[in-house]
There are 2 protein chains.
Amino acid sequence: MRPTTKDLAEAAGVSLATVDRVLNDRPNVSDRSRERVHQAITSIGYVRNIAAVNLAKNRTYSFRFIFPTAGDQYLRELINQVHEASTDLISDMTDVDFDQLDMRDPHMVANYLSTLDRDQVDGVAIMAPESPQVRDAITRLGERNIKVVQFLSGQEKLGNLDFVGADNFTAGATAGRIISRFLGQISGKVMVIADTMQSLSNIQRRLGFDQVLNTCFPVLKALPSLETHGDEARAKRIISRQLQHESDVVGVYVINSEARVPIEQISHCKDLRSLTIVAHERTPFTEKALLNEEIDAVVAQNPGHAVRSALRILRARCDNRDIIAAQENIRVEVLLKENL
Amino acid sequence: MRPTTKDLAEAAGVSLATVDRVLNDRPNVSDRSRERVHQAITSIGYVRNIAAVNLAKNRTYSFRFIFPTAGDQYLRELINQVHEASTDLISDMTDVDFDQLDMRDPHMVANYLSTLDRDQVDGVAIMAPESPQVRDAITRLGERNIKVVQFLSGQEKLGNLDFVGADNFTAGATAGRIISRFLGQISGKVMVIADTMQSLSNIQRRLGFDQVLNTCFPVLKALPSLETHGDEARAKRIISRQLQHESDVVGVYVINSEARVPIEQISHCKDLRSLTIVAHERTPFTEKALLNEEIDAVVAQNPGHAVRSALRILRARCDNRDIIAAQENIRVEVLLKENL
DNA sequence: CTTGATTTGAGGTACGTACCTCAATTATAT
DNA sequence: ATATAATTGAGGTACGTACCTCAAATCAAG
């Protein structure tokens with residue numbers, strides 16, 4: 001049988017009340033008593049029974065994901081994963097929900113965050129772009145003791161805020177290597193398409209991509225980023241124009257997670273199979289395109305892992321527990337036709 | 001507040017005792033009462049409080065991994081992961097340990113399994129090759145109500161036994177696509193090296209590999225598998241002989257998880273960087289070789305995920321809970337220099 | 001030594017569920 | 001209708017921890 005607090009009290013030569021005071025950081029304990037309890041903990045190998053703690057505290061957890069309203073298939077998949085996590089965690093005294101905000105209005109986002117109440121929400125996972133207002137609002141969340149993790153965006157480590165998501169420089173570099181190795185000795189130009197280059201994630205991916213192409217594969221030239229702003233008409237215009245101007249495009253890299261629109265536009269001008277195309281994130285579209293061999297590889301981060309990781313981190317922060325860094329590291333995955 | 005058994009009894013119009021009988025499948029409950037309780041469960045949304053259940057049952061879990069004695073770096077990493085999981089789960093009333101057996105002696109393995117006692121072990125994760133004796137012993141473990149998952153081996157679904165591990169056909173096919181795409185239009189022969197081709201996993205990887213090469217990349221020819229039997233001298237002999245006989249070897253595929261020995265042998269005869277090499281599993285050796293660009297890609301399954309997945313499944317089986325299939329699916333990962 | 005503050009111990013209740021006993025009620029077979 | 005079996009309810013204890021109160025013991029300062 002595992003030692004209990006009672007055994008611990010006995011081993012430390014103090015009363016249960018004192019053990020309780022030490023374990024829960026209550027005042028009025030002499031240094032000597034505290035020391036003796038801590039020694040006893042290691043000597044008899046006492047480990048708190050979490051089930052009993054949770055029961056006694058009768059604590060429930062309530063976490064919320066905050067997503068943008070925009071977004072196509074990948075966002076939908078993230079929301080699915082939140083739903084799944086929600087049903088999985090219900091027996092764990094944890095409620096999970098989400099909200100969607102228009103991230104183009106930082107003032108509104110900050111406003112929303114300032115209305116969050118500690119009585120209703122213990123922690124939030126927020127997928128929002130950098131902005132001073134939002135940053136301040138997040139800081140004030142922390143002051144109200146609402147835990148925050150930055151979710152798949154930002155990553156500009158503000159303070160000691162937790163971040164969940166793959167490293168975007170790595171993701172871009174991985175895309176760069178795949179596109180280059182798949183092209184072999186073929187030389188030419190590579191189109192780079194993004195929704196926006198304002199976002200830190202996209203900038204970092206671009207940096208990683210360029211670094212690999214420049215240092216390892218100088219026969220390839222990466223063109224300046226085209227920004228679609230999520231606008232289908234604009235995408236069509238700028239993509240077709242570039243394809244007319246540049247004669248020897250041999251590859252395409254779609255930086256942001258919603259690859260459907262740009263690649264559909266390219267398919268109107270060129271045979272996709274004649275290009276080497278790398279996109280990000282597994283979606284119904286990228287899956288189908290991989291199977292059709294219309295695109296060649298997808299660099300992805302597992303959305304289910306990301307959601308669960310964010311929740312584990314929030315939970316650990318609420319309990320003042322350490323997080324297992326190795327487990328929370330979101331990998332940059334490479335998906336090919338075969339390993340979907 | 002969440003409804004408790006008391007609320008449930010009230011809602012169902014029965015006593016707490018009857019609710020308890022229904023929830024824990026005890027005898028002597030009329031169909032009518034059972035029905036009313038079940039209806040009340042859904043109508044008030046009752047969910048068992050797991051913390052309280054665990055506390056009341058005061059149950060501890062004890063799981064054991066069973067590994068081969070042989071093996072090099074990948075096995076060591078698996079053992080590390082078992083240690084980590086062990087410390088992570090200690091606060092979850094779960095003990096985790098492992099044993100190593102000489103898998104070349106199926107009789108001894110079967111014997112070991114037959115000595116396992118339900119009082120000491122609730123479940124085992126076995127990494128053992130197929131064999132009639134072992135299969136029988138596993139069946140008898142089930143009869144003694146010890147839960148079993150097949151771990152990273154076997155996969156010949158015997159009965160409804162759980163399997164943890166990536167699909168090996170997929171893994172081989174993925175290796176095939178990478179090696180072929182990386183070679184581009186280069187034609188030539190591809191060496192295939194394994195420790196043994198007796199193992200089902202290796203056979204399946206080879207099948208997947210051949211399928212991709214044959215159907216998509218006919219300019220490449222995969223040579224017959226070389227079997228090293230884990231013997232360094234033998235590896236040296238057969239590898240150098242093949243490299244002398246076959247003039248146009250352009251790629252190498254190492255099927256089994258311990259790539260160190262075969263690739264070191266190849267390096268004595270050829271410049272590794274002039275070959276396109278794909279191996280399996282992330283180990284200190286493959287990591288270093290990827291960074292040096294001596295090997296080009298690694299097809300891997302995350303050992304930490306695998307260990308945790310096996311433990312989650314064993315735990316779920318002990319509690320007669322369903323498993324979340326999506327979460328337990330071990331992915332075939334592709335590792336390049338950039339996304340290590 | 002006295003006074004007041006700090007520290008300690010004893011004992012209680014609570015959390016939600018499991019599991020037990022025993023008596024009371026209801027259903028079924030004869 | 002009676003005997004027997006099946007079902008139900010009431011009430012208890014237990015799990016390990018948190019958190020509370022109150023009195024007793026110890027300590028520090030004057």
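Each chain gets a letter, A, B and so on, in the order the sequences are listed, and its residues count up from 1.
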Tell me: CG of Asn54(A) to C1' of dA14(C), nearest whole Å? 15 Å
Partners meeting side chain to side chain contact (heavy atoms under 4.5 Å, CB included) with Asp88(B) (sequence neighbours left out): Ile324(A)
Side chains of residues 75-85 of chain A: which donor-acceptor partners sit under 3.5 Å, not counting sequence neighbours?
residue: Glu77(A); atom: OE2; partner: Gln81(A); partner atom: NE2; Å: 3.0
residue: His83(A); atom: ND1; partner: Ile79(A); partner atom: O; Å: 3.4

Ser33(B), nearest nucleotide to its side chain (from dA18(C), dA18(D), dT8(D)): dT8(D)
I want to verify a distance call: between dG16(D), dA18(C), dG9(D), whose nearest atom is closest to the Val14(B) side chain? dG9(D)
Spacing between Arg32(A) atom CZ and dT26(D) atom C1', to the nearest angstrom: 11 Å
N/O donor-acceptor pair under 3.5 Å between Arg312(A) side chain and Glu328(A) backbone: no
Choose from dC19(D), dT8(D), dT8(C) the nucleotide whose nearest atom is closest to any side-chain atom of Asn28(B). dT8(D)
Tell me whether the guanidinium CZ or amine NZ of Arg315(B) lies under 6.0 angstrom from the six-membered ring centre of Phe63(B) and within 45° of its axis. no
Where the side chain of Ala17(A) is concerned, which of dT17(C), dA10(C), dT17(D) is the nearest nucleotide? dA10(C)
Measure from the side-chain heavy atoms of Thr5(A) and tell me the nearest of dC19(C), dG16(C), dT17(D). dT17(D)
Candidate nucleotides dT8(C), dA18(C), dT17(D), ranked by approach to the side chain of Ser30(A) - the nearest: dT8(C)
Please compare Lys57(B) and Pro27(B) by the position of their nearest nucleotide in DNA chain D and report the one closer to 5'. Pro27(B)
Measure CG/Leu16(B) against P/dT17(C) and give the value in whole Å, please. 9 Å
Arg21(A) side-chain N/O to dT8(C) phosphate OP1/OP2 under 4.0 Å: no
Considering just the side-chain nitrogens and oxygens of Asn49(B), establish if one lies under 4.0 Å of OP1 or OP2 belonging to dG16(C). no
For Arg26(B) and dG9(D), what is the distance between atoms CZ and C1' respectively, to the nearest whole Å? 15 Å
Can you check whether Asn58(A) has a side-chain N or O nearer than 4.0 Å to OP1 or OP2 of dG16(C)? yes
Using atom CG of Asn24(B) as one end and atom P of dG16(C) as the other, report the distance to the nearest whole Å. 17 Å
Can you tell me how far C1' of dG11(C) sits from CG of Asp20(A), to the nearest Å? 13 Å
Find the distance Arg59(B):CZ to dG16(D):P and express it as a whole number of Å. 15 Å
Are more than 12 heavy atoms from other residues, nucleotides or ligands located less than 6.0 Å from atom CG of Asp322(B)? no
Side chain of Ser15(A) only, heavy atoms from C-beta on: which candidate in dA18(C), dG9(D), dT8(C) is closest? dT8(C)
Between CG of Leu23(B) and P of dT8(D) the distance, given in whole Å, is 14 Å
